[in-house]
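First, the structure itself, so that you have it in front of you.
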Amino acid sequence: MDNTLYRTRYRVFFEWLRHRDDDPAFDVIRDLVRDFIFKNFPIAEGAIVLGRPCPEQYVHSLSTARSRYGVSGWQLARRLEAMGLATRNTSGRGFVLKRYVSTEVINDIVTDFDALLNAGETASKLEIERFMLTKLTNAGLISKYFADKNAYPHYHPREIERFLAVLRDLIAAKVSGKAYLDIPSASHRLRIPTERVVEIILRNRIALAASDPDAVQFPEFQVALEDLKEIIARDHEGTIRPTRAAEILGLNIRTIRGLLDQNFLKPKQVTELQTGRKRRYVCAKSMERFRERYISVVELSNQSGRLPGAEAVIRLDQGLKPLPLGTRCRLIFRRDDVL
């Protein structure tokens, strides 16, 4: 971004306009130039440009935002970097804006800053120990507001809510005869780290129970020990049984096999603990990537409210090409082509 002030950058043009201050024929040009300067340079409210005061400040530099809002320049720069609006300078010690930042964006960031919680407050809100919050964070289950690894851990309430919402989405009625434990107790019983248990629950969409469907604290979520043991017994080194992958993705087993054959899902040979047989399982991480990149005609029909057959005809008529999976497999499209 060119950091020169508008007078320096447009010096010749401004000199030309200055010699015509008394000529009303140039008022239209002055109005256009003034409006452009107001909206594209960090002009403070009330500052005079070409004889008129700026009605409000539309954009900010790092220094004007820092002084205007009284926020940490370090935090502001890192947040703008995360948003793709700033980059580190060549020395690596400072930041350079790609362009001046709108007042609306700065207002949103400052509002976020005011709402941030430190690690202790976040752990207290979730009713867990701080070391457990660190483990959940390191596992990528809860994200810090500032992604920099050296940044002091701050968390935004909406990230806490996102994490809880993912767990709430798995709440179902308790099954009679099954023993339920809160997740930390279940992980202790099975001698598996809590963050690993949470990963398994989310990856396999294991049903959870909670006395309150609007649960807001981590210990409120309970899991059936029997369900967890069953999944762990077949969760071999981050893989999932094809039938379970079909349930999670909402596809039939033939489609899953087609995706494995064509390497849209990464296969992995696994020796089953119960039988000792080698079977082809689905790599869990490849399944997560698949969900991000592709969408089935069934999922599209659920979004549109149309029947899957009708949805397929409409999408094919639009020229979309499904993945080459063979006959009797569900139609699957690339998300980038659909959305």
Arg257: what forms a side chain to side chain donor-acceptor pair (under 3.5 Å) with it, not counting sequence neighbours? none
Arg280 vs Asp261, test: salt bridge (Lys or Arg N to Asp or Glu O under 4.0 Å). Steps then yes/no. CA-CA 11 Å; Arg280 187 172 63 165; Asp261 291 340; 2.9 Å; yes
Only one of His154, His156, Gln75 passes side-chain hydrogen bond (donor to acceptor under 3.5 Å, both in side chains) with Asp112; say which it is. His156
Run the side-chain contact (heavy atoms from CB on, under 4.5 Å) test on Val282 and Phe290 for me, step by step, so that the C-alpha distance in whole Å, both residues' side-chain angles and the decisive distance to 0.1 Å come before the verdict. CA-CA 11 Å; Val282 181; Phe290 177 85; over 6 Å; no
Pair Asn40, Val59 - check side-chain contact (heavy atoms from CB on, under 4.5 Å), show working. CA-CA 7 Å; Asn40 291 278; Val59 296; 5.9 Å; no
Just jot down the salt bridge (charged side-chain N to carboxylate O under 4.0 Å, His left out) partners of Arg205, sequence neighbours excluded, or say none. Asp169
Looking at OH of Tyr152 and CG of Asn118, how far apart are the two atoms once the value is rounded to the nearest 0.5 Å? 5.0 Å
Supply the atom-to-atom distance Ser102 OG to Asp108 CG, rounded to the nearest 0.5 angstrom. 8.0 Å
Can you check salt bridge (Lys or Arg N to Asp or Glu O under 4.0 Å) on Arg330 and Glu299, steps first, answer last? CA-CA 11 Å; Arg330 298 277 172 82; Glu299 188 175 346; over 6 Å; no
When rounded to the nearest 0.5 angstrom, what is the spacing between CG in Leu259 and CG in Leu249? 8.0 Å
Mind running side-chain contact (heavy atoms from CB on, under 4.5 Å) on Leu331 and Leu300 for me, showing each step along the way? CA-CA 10 Å; Leu331 292 182; Leu300 286 170; over 6 Å; no
Inspect the surroundings of CZ in Arg293 and state if more than 12 heavy atoms from other residues, nucleotides or ligands are less than 6.0 Å away. no
All heavy atoms of Ala173 vs all of Tyr180, minimum pair found to be O-OH, 4.3 Å
If every non-hydrogen atom of Ser61 is compared with every non-hydrogen atom of Leu97, which pair is closest and at what distance? CA-CD1, 3.8 Å
Any side-chain to backbone donor/acceptor pair from Arg335 onto Arg291? Under 3.5 Å, distance only. yes
Residues two or more places apart in sequence or in another chain: which of them pass ring pair (Phe, Tyr, Trp, His ring centres under 6.0 Å) with Phe36? none
Once you round to the nearest 0.5 Å, how far does CD1 of Ile253 lie from OG1 of Thr243? 6.0 Å
Give a yes-or-no answer on whether the side chains of Thr255 and Asn252 include a donor-acceptor pair shorter than 3.5 Å. yes
Parallel, tilted or perpendicular for Phe26 and Trp16, by the 30°/60° rule? perpendicular
On a heavy-atom basis, which atom in Ile37 and which in Ile43 lie closest, and how many Å separate them? O-CG1, 3.8 Å
Taking Ser124 for its side chain and Gly120 for its backbone only, find out whether a donor-acceptor pair lies under 3.5 Å. no
4.5 Å side-chain heavy-atom contact, Tyr145 and Leu117: no
If you apply the rule salt bridge (Lys or Arg N to Asp or Glu O under 4.0 Å), what do you find for Lys285 with Glu288, and how did you get there? CA-CA 5 Å; Lys285 288 188 176 180; Glu288 292 171 7; over 6 Å; no
Using salt bridge (charged side-chain N to carboxylate O under 4.0 Å, His left out) as the criterion, list what pairs up with Lys321, not counting sequence neighbours. none
Nearest heavy-atom contact between Cys54 and Ala44 is CB-O, 3.5 Å
Identify all side-chain donor-acceptor contacts of residues 131-143 below 3.5 Å with residues at least two apart in sequence or on another chain.
from   : atom 1 : to     : atom 2 : distance (Å)
Thr134 : OG1    : Arg130 : O      : 3.2
Thr137 : OG1    : Leu133 : O      : 2.8
Thr137 : OG1    : Tyr155 : OH     : 2.7
Asn138 : ND2    : Thr134 : O      : 3.3

Under 3.5 Å, is there a donor-acceptor pair between the Thr103 and Glu56 side chains? no
Residues passing the ring pair (Phe, Tyr, Trp, His ring centres under 6.0 Å) test with Phe264, sequence neighbours excluded, are Tyr294
Closest approach of Val71 and Ala65, non-hydrogen atoms and distance? CG2-O, 4.3 Å
Work out which heavy atom in Ala186 is nearest to a heavy atom in Leu225; give both atom names and the distance. CB-CD1, 4.0 Å
Would Ile332 and Leu251 satisfy side-chain contact (heavy atoms from CB on, under 4.5 Å), going step by step from the backbone distance to the final call? CA-CA 10 Å; Ile332 297 174; Leu251 303 171; 4.0 Å; yes
Out of curiosity, Leu208 CG to Glu220 CD, how far, rounded to the nearest 0.5 Å? 12.0 Å
Cationic tip of Arg78 above Phe95 ring, under 6.0 Å, 45° of axis: no
Rounded to the nearest 0.5 Å, what's the gap from CD1 on Ile314 to CG on Leu320? Could you check? 11.5 Å
Looking at Lys144, I want to see if its NZ is surrounded by more than 12 non-hydrogen atoms of other residues, nucleotides or ligands under 6.0 Å. yes
Does CD in Gln262 sit with more than 12 non-hydrogen atoms of other residues, nucleotides or ligands closer than 6.0 Å? yes
